[in-house]
Peer 1: 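I'd like to ask some things about the structure below.
Atoms within a ligand are numbered from 1 in the order they appear, just like the ligands themselves.
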Amino acid sequence: MNIIEVKNYEEMSVKAAEIISGQIKEKPDSILGLATGSTPVGTYKKLVEMYQAGNLDFSKVRTVNLDEYRGLPKESDQSYYYFMQENLFKHVNLPKDASFLPDGTNPDAAEECKRYEHLVADMGYADLQLLGIGRNGHIGFNEPADVFKAETHCVRLTQSTIDANKRFFASEDDVPREAYTMGVGTIMKAKKILIIASGGDKAWAVKNSFYGPITPRVPASILQLHPNVTVIADKDAMSEW
Ligand code: PGA
């Protein structure tokens with residue numbers, strides 16, 4: 001595991017964007033695994049700047065996202081579909097049919113999870129998977145549990161995640177209670193993993209994921225078993241290290 005400590009959110013974003021752009025330059029038809037949340041916003045901004053400066057070409061890239069809320073229409077400004085359009089896709093030359101997310105509007109959870117798992121598998125899984133980390137150590141929506149779930153599945157959000165995400169919604173009642181997410185097995189099949197963390201509220205998760213026992217109670221701890229993981233964490237996120 002390659003652990004890079006940086007000063008702050010800005011430095012984390014620059015470093016992460018450099019690694020992602022390096023991946024695209026090395027393999028222009030890379031499959032990028034992408035994440036939502038506040039952590040990757042700065043990284044996407046840097047990638048857009050690199051594209052606008054003529055230094056990056058997404059024309060052969062394809063993307064698969066980790067997760068999506070179940071039951072939100074795509075056009076909702078809280079859907080992850082919308083987030084990806086606004087923060088990255090509409091600003092770069094990624095072809096329209098080259099980005100994939102679970103379909104939160106499919107009410108048939110079993111069918112949707114199977115479809116998405118097969119789609120990612122048929123693409124050969126991500127070449128580089130970008131991850132944020134939840135305050136409770138979740139990755140995607142793989143919440144602390146008694147067992148690791150390998151494949152794409154439907155989850156009930158924990159109260160901790162609802163609390164963390166309610167800031168984006170008009171009220172707590174508006175936060176969807178379920179989501180479709182890649183499983184830890186889907187994530188672990190990515191060839192490389194890049195995990196980014198910023199702020200003191202991630203310090204517990206960073207310490208327990210990378211220095212604690214491997215346990216489904218701290219889902220990101222499974223990444224200790226992956227052969228190619230880079231963690232970029234700022235000083236505050238490393239403060240319990
Ligand atoms: P955040 O979420 O980037 O909004 O903190 C990260 C996550 O929950 O994976």
Peer 1: Considering only heavy atoms, which of Glu143, His138, Arg135 lies nearest to atom 9 (O) of ligand 1?
Peer 2: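 Of the listed residues, His138 has the closest heavy atom.
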Peer 1: Are Lys27 and Asp127 within salt-bridge range, i.e. N to O under 4.0 Å?
Peer 2: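 Looking at Lys27 and Asp127, the cut-off is met.
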Peer 1: Taking the side chain as C-beta and beyond, is there a heavy-atom pair between Ser209 and Lys202 under 4.5 Å?
Peer 2: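 No, too far: nothing below the 4.5 Å cut-off.
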Peer 1: Starting from atom 5 (O) of ligand 1, locate the nearest protein heavy atom and write down its residue, its atom name and how far away it is, to 0.1 Å.
Peer 2: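 The answer is Lys202 NZ, 2.6 Å.
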Peer 1: Under a 4.0 Å threshold between the charged nitrogen and the carboxylate oxygen, would Lys114 count as salt-bridged to Glu111?
Peer 2: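 Judged by the 4.0 Å cut-off on N to carboxylate O distance, Glu111 and Lys114 do not form a salt bridge.
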Peer 1: For ligand 1 and Thr36, I'd like to know whether there is a polar contact (N/O to N/O, distance under 3.5 Å).
Peer 2: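 No, Thr36 has no N/O under 3.5 Å of an N/O on ligand 1.
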Peer 1: Considering only heavy atoms from C-beta outward, does the side chain of Lys149 approach that of Val184 to under 4.5 Å?
Peer 2: no
Peer 1: Please report which non-hydrogen protein atom sits nearest to atom 3 (O) of ligand 1, along with the residue it belongs to and the distance in Å to one decimal place.
Peer 2: Thr39 OG1, 2.4 Å
Peer 1: Test your reading of the model: is there a side-chain donor-acceptor pair from Tyr125 to the backbone of Met188, 3.5 Å cut-off?
Peer 2: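 Absent.
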Peer 1: Is any NZ, NE, NH1 or NH2 atom of the basic residue among Lys46 and Glu10 found under 4.0 Å from an Asp or Glu carboxylate oxygen of the other?
Peer 2: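 Result for this pair is yes, salt bridge flagged.
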Peer 1: Of all the non-hydrogen atoms in the protein, which one sits nearest to atom 6 (C) of ligand 1, and at what distance?
Peer 2: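 Of every protein heavy atom, Ile133 O, 3.6 Å lies nearest to atom 6 (C) of ligand 1.
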Peer 1: Relative to the heavy atoms of Gly37, which atoms of ligand 1 are at a distance of less than 4.0 Å?
Peer 2: 3 (O), 4 (O)
Peer 1: With atoms numbered from 1 as shown, which atoms in ligand 1 lie under 4.0 angstrom from a non-hydrogen atom of Arg167?
Peer 2: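 Counting atoms of ligand 1 from 1, those under 4.0 Å from Arg167 are 4 (O).
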